[in-house]
Q: 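Please see the structure below; I have some questions.
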Amino acid sequence: MKNTIKKIILKGAEKAFKKGLLKSDNFPEMEIEEPKHDAHGDFSTNFAMVSASVQKMAPGKIAEAIVASMDDFQGIIDKTEIAGPGFINFFLTDDAWYPVLEDIFKKDFQYGSSDSGKGRKVQVEFVSANPTGPLHIGHGRGAAIGDSVGNILSFAGYEVEKEYYINDSGRQIRTLGLSVWLRLNEITGKKVDFPDDCYQGDYIREIAAELNELKGDDPALQNKDDGVLICARYAADKILNNIKQDLSCFGVKFDKWFSEQSLYDSKKVWNTIEDFKNRDLIYEKDGALWFRTEKFGDEKDRVVVRNNGLTTYFASDIAYHMEKFERGFDRVIDVWGADHHGYVKRINASIDAAGGKSENFDVILVQLVNLLRGGEPVAMSTRSGQFVTLKDIVDEVGKDAARFIFLSRSSDSGLDFDLELAKQQTSENPVYYVQYVHARITGILIKADREGIINDAALNWTCYASKLKEPEEIKLIRILASFPEVVEKSARDLHPHIIFTFLMNLASSFHGYYNRHKVITEDRELTMARLCLISAVKIVIRNALCLLGVSAPERM
RNA sequence: GCCCCCGUAGCUCAGUGGAUAGAGCAUUGGAUUCCUAAUCCAUGUGCGCAAGUUCGAUUCUUGCCGGGGGUACCA
């Protein structure tokens with residue numbers, strides 16, 4: 001709709017120029033916006049204001065010239081007004097809106113999608129938690145955001161791959177092995193001194209007990225070096241499987257699980273280091289190898305190989321991000337906790353150093369989640385192993401409520417997650433508010449079907465659309481019409497919460513309409529028209545919820 | 001010290017280079033013989049402070065104040 005308005009304005013401007021009403025045919029980029037107030041029409045443009053300097057005319061005069069030259073070639077404009085400092089306001093006829101419904105039915109599951117991504121390949125990497133313990137609430141937010149951003153980009157015409165990077169190499173895995181091995185020794189009656197920097201959680205004991213059952217008599221376990229290795233491999237596998245399962249219960253499915261260790265096995269890490277050394281991007285100082293990230297905009301150079309010969313996490317990260325682009329992705333998106341923000345510059349640096357373009361790399365930094373119960377903070381400590389896991393949360397409040405709350409706010413903002421509130425089946429809980437729309441509509445459609453109102457004519461619903469005259473009905477169609485633009489904006493900004501806001505707005509308008517007007521009435525044609533309208537609402541609610549990974553129930 | 005995020009209604013948060021800044025919750029009062037009341041309707045003196053850019057700033061820039069997070073040869 002916006003594009004149509006834009007075309008009308010531009011054609012009007014060209015015509016005005018030819019007629020000599022405008023001095024220039026240089027037309028700057030304009031905004032078409034939906035004014036906040038109905039009195040300002042369905043759409044308005046700032047074209048006259050942004051053109052003032054090139055036309056060297058007062059905005060009001062420009063607006064007059066354009067309005068006088070505009071052709072409403074599709075017959076959708078009821079009237080136009082020039083207002084305020086030079087806005088041109090467009091008031092559309094009701095007829096302009098009805099075709100939206102037909103469009104929705106025609107596209108159905110595809111309504112709202114676009115090809116603006118032009119099939120470009122984009123990878124979204126998220127969660128990527130170390131397999132050293134269960135996922136917690138912060139991972140949940142990252143998972144919901146990453147998954148949803150992937151869905152939205154895919155809907156916006158990108159070819160999306162969702163990936164989980166498994167940190168299955170390095171010190172933390174060894175620490176995991178040591179933790180399990182020590183607990184194992186505890187079980188077999190040995191006296192052990194359990195260090196503070198080992199993983200404290202009960203799940204370590206459980207894994208140790210399992211391992212004891214399975215191969216407690218394996219002599220290799222007696223030897224510390226071999227034992228830790230065996231424990232590490234067993235525990236990491238076990239924990240990773242649990243993570244996979246928890247994510248699956250959370251409705252998150254990855255296309256690829258990428259192993260950090262594989263970057264070492266394939267020599268990718270060392271080859272990259274060698275290559276960078278040859279190009280003087282890596283140098284030696286104090287017995288360590290340093291990457292010249294400062295040359296690429298970082299505050300200081302960073303160590304990739306420590307003086308003890310061990311690589312840092314950053315070393316494999318360089319190789320990993322090179323690998324991503326080598327796999328043919330046009331665009332790479334990482335979802336990180338905001339506490340890792342300091343890493344952005346050095347990854348950008350490594351991508352540029354490797355000959356890539358960091359402008360094709362985006363990081364979504366997700367702020368922290370405060371877990372509350374009834375308004376009171378829930379005490380959590382990873383160190384002591386006392387924390388609420390993602391699984392606990394999904395078990396308690398359900399996948400839909402959890403995801404919807406995670407996606408309710410901008411990732412730039414901290415998020416309060418109240419377990420009691422998320423569980424409540426009341427209006428305080430936004431997920432039910434939106435899902436209820438879908439269930440309500442389904443209920444009406446079932447009733448209409450039972451009463452024989454919907455029959456063969458169903459295919460021709462839209463032919464009664466012009467019966468929709470109530471302001472609430474036009475408003476609903478306007479909201480439905482904006483969905484494709486909402487998806488585009490959400491995809492462009494990588495902001496899934498825009499979909500959330502859209503859903504709340506649509507749900508609110510629907511509930512208001514429902515309470516004011518009966519869908520099934522004595523007037524058969526009006527009934528058909530309204531069934532048509534609510535069916536369209538149902539499609540859009542379902543499509544939008546789907547982008548967030550939240551189900552659209554038929555009944556509640 | 002430096003870096004990132006935030007500061008909008010009593011609370012939790014949306015939003016925007018433009019014309020009268022919104023929603024939910026909370027408060028108070030109302031609505032159901034009728035398609036699900038998990039709903040609706042009514043009820044509001046708010047953009048942290050200051051300067052700058054602009055025809056126009058809550059939005060962009062800078063400084064300050066306040067809150068959170070980061071700032072390792074950890075991940």
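In the text below, chain A, chain B and the rest are named by the order of the sequence lines, each starting its count at 1.
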Q: How far, in whole Å, is B:C6 from B:U58 if one measures between their C1' atoms?
A: 15 Å
Q: Looking only at side-chain N and O atoms, does A:R516 come under 4.0 Å of OP1 or OP2 in B:U39?
A: no
Q: What's the gap between B:U39 and B:C34 when it is taken at their C1' atoms, as a whole Å value?
A: 15 Å
Q: Would you call A:Y433 stacked on B:A38, i.e. ring centres under 5.5 Å apart with the planes less than 30° off parallel?
A: no
Q: When you measure from the side chain of A:E472 to the backbone of A:S509, do you find a donor-acceptor pair of N or O atoms at a distance under 3.5 Å?
A: no
Q: Across the strands shown, which category fits A:A448 at heavy-atom distances under 4.0 angstrom: base, sugar-phosphate, nothing?
A: nothing
Q: Is the side chain of A:D42 donor-acceptor paired with the backbone N or O of A:F91 at a distance under 3.5 Å, no angle test?
A: no
Q: Between the main-chain N or O of A:C198 and the side-chain N or O of A:Q200, is there a donor-acceptor pair closer than 3.5 Å?
A: yes
Q: Under 4.0 Å, counting only non-hydrogen atoms across every strand here, what does A:M504 touch: a base, just sugar-phosphate, or nothing?
A: nothing
Q: Within this structure, what is the NE2-to-P distance between A:H495 and B:C5, rounded to whole angstrom?
A: 11 Å
Q: Side chain of A:H511 only, please: which of B:C4, B:C40, B:U12 is the nearest?
A: B:C40
Q: When rounded to the nearest Å, what value does the distance between P atoms of B:G22 and B:A9 take?
A: 14 Å
Q: Taking atom P of B:G67 as reference, at what distance in whole Å does atom CG of A:N370 sit?
A: 16 Å
Q: Expressed as a whole number of angstroms, how long is the span from A:M556:CE to B:A37:P?
A: 12 Å
Q: In terms of side-chain heavy atoms of A:H37, which of B:C40, B:A14, B:U20 is nearest?
A: B:U20
Q: Assess the residue pair A:D416 and A:R409 against the criterion (salt bridge (charged side-chain N to carboxylate O under 4.0 Å, His left out)); give the C-alpha distance rounded to whole Å, side-chain angles, the decisive distance to 0.1 Å, and a yes or no.
A: CA-CA 10 Å; A:D416 289 341; A:R409 307 290 184 224; over 6 Å; no
Q: With a 4.5 Å cut-off on side-chain heavy atoms, are A:I441 and A:Y514 touching?
A: no
Q: Would A:R346 and A:Y343 count as a cation-pi pair here, with the cationic atom under 6.0 angstrom from the ring centre and within 45° of the axis?
A: yes
Q: What is the distance from CZ of A:F500 to P of B:G22, rounded to the nearest Å?
A: 19 Å
Q: As a test of your reading of the structure, name each stem of RNA chain B as range with range, where a stem is three or more consecutive Watson-Crick or G-U pairs at under 3.5 Å.
A: B:1-7 with B:65-71, B:10-13 with B:22-25, B:28-31 with B:39-42, B:48-52 with B:60-64
Q: Contact between A:D298 and A:F291 at the side-chain level, heavy atoms closer than 4.5 Å - yes or no?
A: no
Q: Considering every strand and a 4.0 Å limit on heavy-atom distances, what is the contact class for A:H438: base, sugar-phosphate, or nothing?
A: nothing
Q: To the side chain of A:K36, which of B:C40, B:A19, B:C4 is closest?
A: B:A19
Q: Between A:E163 and A:K324 (salt bridge meaning N to carboxylate O under 4.0 Å), is one present in this structure?
A: no
Q: Between A:K489 and A:E554, which is nearer to the 5' end of RNA chain B once each is assigned its nearest nucleotide?
A: A:K489
Q: Kindly say whether A:G375 contributes a backbone atom to a donor-acceptor pair with the side chain of A:D418 at under 3.5 angstrom?
A: yes
Q: Closer than 3.5 angstrom, by distance alone: can the side chain of A:S259 be matched with the main-chain N or O of A:Q261 as a donor-acceptor pair?
A: yes
Q: Centre of A:F510's six-membered ring, under 6.0 Å away, within 45 degrees of the axis: is that where NZ or CZ of A:R440 sits?
A: no
Q: Is it true that A:K277 and A:E274 make a salt bridge, defined as a side-chain N closer than 4.0 Å to a carboxylate O?
A: yes
Q: Between protein and nucleotides 69-75 of chain B, what N or O pairs are separated by less than 3.5 Å?
A:
| from | atom 1 | to | atom 2 | distance (Å) |
| --- | --- | --- | --- | --- |
| B:G69 | N2 | A:H341 | ND1 | 3.3 |
| B:G69 | N2 | A:H341 | NE2 | 3.2 |
| B:C73 | O2 | A:N307 | N | 2.7 |
| B:C73 | O2 | A:N307 | OD1 | 3.2 |
| B:C73 | N3 | A:N307 | ND2 | 3.4 |
| B:C73 | N4 | A:D286 | O | 3.1 |
| B:C74 | OP1 | A:R306 | NH1 | 2.9 |
| B:C74 | OP2 | A:R306 | NE | 2.5 |
| B:C74 | OP2 | A:R306 | NH1 | 3.0 |
| B:C74 | O2' | A:R171 | NH2 | 3.4 |
| B:A75 | OP1 | A:Y313 | N | 3.4 |
| B:A75 | OP2 | A:Y313 | N | 3.1 |
| B:A75 | O3' | A:Q172 | OE1 | 3.4 |
| B:A75 | O3' | A:Q172 | NE2 | 3.3 |
| B:A75 | O2' | A:N130 | ND2 | 2.6 |
| B:A75 | N7 | A:Y343 | OH | 3.3 |

Q: For nucleotides B:C13 and B:G46, find the distance between their C1' atoms and express it as a whole number of Å.
A: 13 Å
Q: So, for A:H40 and A:F87, is the gap between ring centers shorter than 6.0 Å?
A: no
Q: What's the CD-C1' distance between A:E31 and B:A19, to the nearest Å?
A: 15 Å
Q: Suppose you measure atom P in B:G1 against the same atom in B:C64; what distance do you get, rounded to whole Å?
A: 9 Å
Q: Tell me the interatomic distance from A:N429, atom CG, to B:G24, atom P, rounded to whole angstroms.
A: 15 Å
Q: Whole Å only: how far is the CG atom of A:L421 from the C1' atom of B:A26?
A: 12 Å
Q: Could you work out the separation of B:A19 and B:A57 based on their C1' atoms and round it to a whole Å?
A: 14 Å
Q: Given atom CD of A:E34 and atom P of B:G22, what is their separation to the nearest angstrom?
A: 15 Å
Q: Quick test: give all pairs of protein nitrogen or oxygen and nucleotides 31-34 of chain B nitrogen or oxygen below 3.5 Å, distance rounded to 0.1 Å.
A:
| from | atom 1 | to | atom 2 | distance (Å) |
| --- | --- | --- | --- | --- |
| B:C34 | O2' | A:K518 | NZ | 2.6 |

Q: Given the C1' atoms of B:A26 and B:G44, what is the spacing between them in whole Å?
A: 13 Å
Q: Hey, are A:R492 and A:E488 close enough for a salt bridge, meaning a charged N less than 4.0 Å from a carboxylate O?
A: no
Q: Looking at A:S508, does any N or O in its side chain come under 4.0 Å of the phosphate oxygens OP1/OP2 on B:A23?
A: no
Q: Give one of base, sugar-phosphate or nothing for A:N89, where a contact means two heavy atoms less than 4.0 Å apart.
A: base
Q: Measuring only the C1' atom in each nucleotide, how far is B:G69 from B:C73? A whole number of Å is fine.
A: 24 Å
